[in-house]
Amino acid sequence: MTETNVADKPKTQFKVKDYKSDTKPIWCPGCGDFGVLASLYQALAKLNLPSHEVAIISGIGCSSRLPGYVATYGFNAVHGRILPIATGVKMASPEITVIGTGGDGDGFSIGMGHVPHAARRNVDMTYIVMDNEIYGLTKGQLSPTAHVGDVTKTSAYGSIERPVEPVDLMINVGASFVARANAGDPKQMADLIVQAIQHKGFAFIDALSPCRTFRGIEQKKFINANTFKVEDHDHDPSDKRKALDIADSQEGISTGLLYVEERPPYDELYKDLRDRATQKPVPEIQDILQRYIP
Amino acid sequence: MAKMLIKGNEAIVKGALLAGCEAYFGYPITPASEIAEAASVYFPEVGGTFLQAESEVGAINMVYGAAGAGQRVMTASSSPGISLKQEGVSYIAGSELPAVIVDIMRGGPGLGNIAPEQSDYNQVVKGGGHGNYKTIALAPNSAQEMCDLTMLAFELADKYRNPVYVVADGFIGQMMEPVEFPKPNRNIPEKPWAVKGTAETSDNLISSIELDPDDLEEHNRKMQRKYQEMRESEVRYQAYHCDDAEIILIGFGIVSRVIQSAVDELRAQGVKVGMLRPITLFPFPSDVIRQYTDQVSKFWVMELNNGQMVDDVRLAVENRVPVKFHGRMGGNVVGTDEIIEKVLEEESA
Ligand SMILES: Cc1ncc(C[n+]2csc(CCOP(=O)(O)OP(=O)(O)O)c2C)c(N)n1
Ligand code: SF4
Ligand SMILES: [Mg+2]
């Protein structure tokens with residue numbers, strides 16, 4: 001450490017370019033994931049987070065390539081296991097800002113078993129699902145967020161499955177921050193990512209991120225034509241019933257901050273627990289080894 | 001019927017339909033996805049079930065359920081997905097249920113890549129999951145065999161009430177070749193043990209639980225007898241120019257195709273080589289290999305992995321002659337010239 005007084009030093013203001021890695025995205029032209037990435041750069045710059053204080057955890061999928069494009073810590077992890085891996089990182093390093101980024105299949109199919117648990121524990125992290133209602137990386141199979149009737153490579157006769165509704169689901173399983181945003185509206189997306197990162201607890205963003213290759217231009221057009229902002233509807237995000245109502249609005253797809261609740265995050269609760277359990281003075285390891293629990 | 005040019009992966013599905021498979025449960029993964037995609041088209045057409053599960057864990061447990069209900073049922077995946085299925089496979093084996101599992105192997109460990117490897121040999125042939133179980137493992141080396149051996153897999157699964165793997169490297173899955181479809185063989189045996197929803201079977205219980213140590217030991221001994229019977233009756237292999245061979249090259253899957261060309265070229269140069277290709281990886285053709293130890297000066301084992309099958313060859317050879325290994329990994333496939341070079345290098349050394 002140098003002798004300079006930190007307070008006297010002008011604080012570095014990070015710019016978007018500081019968060020860009022040397023790897024260029026290889027998403028298809030027109031992929032919605034570009035919008036999410038651009039918004040994430042914006043949000044990190046706005047929060048002025050040093051890149052070594054951020055870890056981005058992904059699963060496997062087109063969307064899960066994202067950590068490679070950001071100059072922060074990254075994990076290109078296991079298909080469907082973003083949330084347990086992120087939980088592990090957060091518990092090991094509570095001071096780090098943990099962001100999970102992945103696809104709809106990764107999160108709501110193979111990874112679904114982990115979703116309620118990370119949410120109800122209120123793990124302090126931001127979880128962004130780039131929801132394109134398709135399996136992009138594996139070239140166009142049925143996703144759990146696809147709609148009834150959708151024809152994909154594994155639903156040749158049209159899907160007969162009722163889709164997972166990510167926003168309803170997250171509100172119901174205990175996420176303390178639930179938002180939906182259009183990847184084609186980078187300002188809204190960046191604002192919500194900022195709020196999600198600032199939120200203490202499990203913050204979920206359903207990022208409507210069209211897949212140009214396997215859903216065509218129609219998906220993007222549909223999203224742009226049918227989304228509306230909850231701010232324009234004078235929505236109260238602390239009211240759970242209203243949040244669920246507007247999540248399922250007949251007027252179109254609601255975007256913005258739909259639900260928020262203040263609740264202590266898991267690492268804080270755990271810190272309390274540890275403080276209670278830790279004996280003073282801390283016993284020697286030898287003493288512990290000689291004990292047994294009948 | 002005329003031959004049809006199709007991918008190995010599609011041949012699997014056609015073979016399954018010819019064998020009267022009634023249900024497919026799977027989760028997409030490259031390079032096995034064409035199996036799910038073809039199944040999603042054909043299974044409903046013939047009145048069968050196709051369901052894209054939420055994960056490989058979901059898929060194998062759906063297979064467990066349908067197998068217990070007496071259906072001919074299958075799933076397919078690739079290496080990381082097979083790792084996930086292993087718990088379920090152990091339960092299916094413990095419950096003595098027939099099921100077919102296809103593994104189109106890719107590069108590992110971890111996510112690795114989607115290029116062909118044969119690095120699941122150990123996890124497929126040696127049991128993979130927990131407990132004292134074995135699975136028959138059939139290793140096709142052509143699109144034709146993808147069809148034929150899938151059909152055989154259903155037959156053997158029913159015969160032994162045991163899971164059977166069809167295990168192929170990504171090459172064999174992706175390669176397009178002409179296939180002549182055999183006649184359908186839907187000889188599904190009676191399954192009096194199945195949970196069928198009939199009054200007579202209402203007491204049937206599908207389970208892998210044996211709480212009493214003696215009972216569990218007896219159950220295991222019974223299964224070991226079954227595996228012994230497989231060893232005695234189900235060994236399959238191909239011997240190519242082995243009769244007068246002084247060196248025998250051993251490989252399965254795509255490697256055997258390359259070895260075969262190398263054998264032809266080496267023979268043309270006057271080197272007496274032959275190829276032995278295990279078609280069943282379990283039961284392994286150990287006795288056959290051992291017989292050749294009196295005749296050959298050495299064996300070469302070539303695999304697309306770090307040397308997995310070579311262990312079984314060495315056990316069979318019992319140190320009577322040297323066993324050399326050459327492997328490629330990461331999606332690199334051995335070439336004919338590479339094999340010839342290896343063999344000649346050794347001989348001139
Ligand atoms: C255990 C396992 N099963 C399957 C796969 C193959 N796989 C990779 S990504 C993916 C789904 C991709 O869809 P999604 O999560 O929606 O991401 P997208 O590509 O659409 O962004 C699948 C099935 C895998 N990598 N691991
Ligand atoms: S396949 Fe779809 S999701 Fe994947 S990069 Fe291309 S457009 Fe994006
Ligand atoms: Mg997707």
Side-chain angles (χ1 to χ4, degrees), chain A residues 57-62 64-65 67-68 74-85 102-116 132-146 150-164 169 211 214, chain B residues 7 9-10 13 23-62 75-85 87-88 104 106-114 170 173-174:
Chain A
I57 323 290
S58 73
I60 304 292
C62 293
S64 287
R65 295 185 191 275
F75 251 93
N76 209 200
V78 188
H79 189 35
R81 315 297 168 206
I82 291 173
L83 297 176
I85 292 167
D104 37 287
D106 191 275
F108 301 125
S109 192
I110 192 167
M112 183 63 123
H114 305 297
V115 168
N132 53 13
E133 303 174 350
I134 195 87
Y135 283 15
L137 188 73
T138 46
K139 302 194 190 320
Q141 299 89 3
L142 184 65
S143 147
T145 56
D150 283 2
V151 172
T152 70
K153 281 199 191 150
T154 48
S155 58
Y157 309 100
S159 172
I160 50 168
E161 298 185 8
R162 176 184 171 142
V164 167
L169 171 86
C211 171
F214 297 105
Chain B
K7 269 193 185 185
N9 278 346
E10 187 167 349
V13 179
Y24 180 99
F25 302 98
Y27 188 76
I29 185 164
T30 315
S33 288
E34 293 87 359
I35 304 177
E37 290 169 7
S40 79
V41 174
Y42 301 133
F43 272 63
E45 283 179 8
V46 298
T49 298
F50 169 84
L51 196 159
Q52 181 180 311
E54 62 276 17
S55 67
E56 290 84 355
V57 179
I60 193 70
N61 284 291
M62 291 174 188
T75 182
S77 188
S78 176
S79 314
I82 297 295
S83 301
L84 275 182
K85 288 185 198 288
E87 180 194 45
I104 308 297
R106 63 189 241 178
L111 195 78
N113 64 24
I114 58 172
Q174 294 296 320

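Quick note: numbers below take in every heavy atom, side chains included, and nothing from hydrogens, waters or symmetry partners. A note on names: the letters A, B, ... follow the listed sequences, proteins ahead of strands, and every chain is numbered from 1.
No more than 12 heavy-atom neighbours from other residues, nucleotides or ligands sit within 6.0 angstrom of CZ on A:F75.
In terms of non-hydrogen atom pairs under 4.5 Å with chain A, the most contact-rich of B:S55, B:G110, B:S33 is B:S55.
The side chain to side chain donor-acceptor pair (under 3.5 Å) check on B:S77 picks up nothing, with sequence neighbours excluded. When the side chain to side chain donor-acceptor pair (under 3.5 Å) test is applied to A:S143, the partners found at least two apart in sequence or on another chain are A:D104, A:T145.
Nearest approach of A:T138 to B:I29, heavy atoms of both residues: CG2-CA, 4.3 Å. Contact detail for B:Y27 and A:S109: the closest heavy-atom pair is CE1-OG, 3.6 Å. Here the shortest heavy-atom pairing between A:S155 and B:S40 reads N-OG, 4.3 Å.
Atom-to-atom distance recorded for B:E37:CD and A:T152:OG1 is 8.5 Å, nearest 0.5 angstrom. In this structure, OG1 in A:T154 is found 13.5 Å from CD1 in B:I35, a value given to the nearest 0.5 Å.
With B:E54 contributing its side chain and A:M112 its backbone, the two residues share no donor-acceptor pair below 3.5 Å.
Contact of B:I114 with chain A is not made at all, since no heavy-atom distance falls under 4.5 Å. Contacts of A:L142 with chain B are made by both backbone and side-chain atoms, with heavy-atom separations under 4.5 Å. For B:A38, no part lies near chain A; criterion is any non-hydrogen pair under 4.5 Å.
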Practice problem: Given side-chain contact (heavy atoms from CB on, under 4.5 Å), test B:L111 with A:H79 step by step and report yes or no. | Solution: CA-CA 9 Å; B:L111 195 78; A:H79 189 35; 5.7 Å; no
